[in-house]
Amino acid sequence: MFGPKKKNDTINTSMINTIIGNNSKIEGVLAASESTRIDGVLEGKILSESSVIIGENGIVRGDITAVEILVAGVVYGNLVAKERIEMTSTGRILGDLITKTLVIDEGASFKGNCTMDVAPDTKAESPVHT
């Protein structure tokens, strides 16, 4: 979604349906079925069935659950992404990460634990010798 595109990428990031602007502050739970961008401050949870983008000026104090998460701002909380978490060089995360794919640009900072789902490699299985 955020990095180089593959032929099978299906998410259209040009279609952001929810935007929290620079001078906005939201408290509570944000539940979204479409892509969401945070450029202001959100104190609470984000639950998304799509992608979440934290802009360079965005600050989230709470957990985020989504399909894909891009962090260019600051997140104080845990992130769970079904597919991918990406941090740009300006991104800061203080919390734990759970995802399949993690991309961290040079200059980004992350303090916490990371758990990545690893698909079993069927080619690497060796026969059992007795």
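Closest non-hydrogen pair, A81 versus E68, comes out as CB-CA, 4.5 Å. Across E34 and S50, no two heavy atoms sit closer than the pair C-CB, 3.6 Å. Residues S35 and S51 share a closest heavy-atom pair of OG-OG, 2.9 Å. Across every non-hydrogen atom of S89 and E106, the tightest pair is CB-O, 3.1 Å. The minimum heavy-atom distance between I20 and I38, with the atom names listed, is CG1-CD1, 3.3 Å. The shortest non-hydrogen separation linking G62 to V75 is O-CG1, 4.1 Å.
Not a single salt bridge (Lys or Arg N to Asp or Glu O under 4.0 Å) links D63 to another residue, sequence neighbours left out. Taking the salt bridge (Lys or Arg N to Asp or Glu O under 4.0 Å) definition, one finds that K100 meets it with E83, sequence neighbours left out. Checked against salt bridge (Lys or Arg N to Asp or Glu O under 4.0 Å), E49 has no partners two or more places apart in sequence or in another chain.
Within the 4.5 Å cutoff, the side chain of V52 has no heavy atoms near those of the L30 side chain. The shortest side-chain heavy-atom distance between L79 and V71 falls under the 4.5 Å cut-off. A 4.5 Å side-chain heavy-atom check between L70 and T88 finds at least one atom pair inside the cut-off.
Linking Ile, Leu, Val, Met, Phe, Trp and Tyr whenever their side-chain heavy atoms come within less than 4.5 Å leaves V60 and I98 in two separate clusters. Put simply, L102 and L94 are part of two different groups of oily side chains (I, L, V, M, F, W, Y) that touch within less than 4.5 Å, one to the next. Follow the hydrophobic side-chain contacts under 4.5 Å out from L42 and you never reach L47; the two are in separate clusters.
Taken to the nearest 0.5 Å, the CD1 atom of I54 stands 11.5 Å off from the CE atom of M87. To the nearest 0.5 Å, atom CG of residue N113 and atom CG of residue L97 are 9.0 Å apart. Going from atom SG of C114 over to atom CD1 of I104 covers 7.0 Å, rounded to the nearest 0.5 Å. To the nearest 0.5 Å, atom CD1 of residue I53 and atom CD1 of residue I69 are 11.0 Å apart. Distance check: I59 CD1 to R92 CZ gives 12.5 Å after rounding to the nearest 0.5 Å. One finds the CD atom of E86 at 10.5 Å from the OG1 atom of T101 (value rounded to the nearest 0.5 Å).
Between E43 and R61 there is a salt bridge, with a side-chain nitrogen of the basic residue lying less than 4.0 Å from a carboxylate oxygen of the acidic one.
Looking only at distances, no side-chain donor or acceptor of D39 sits under 3.5 Å from a matching main-chain atom of N57.
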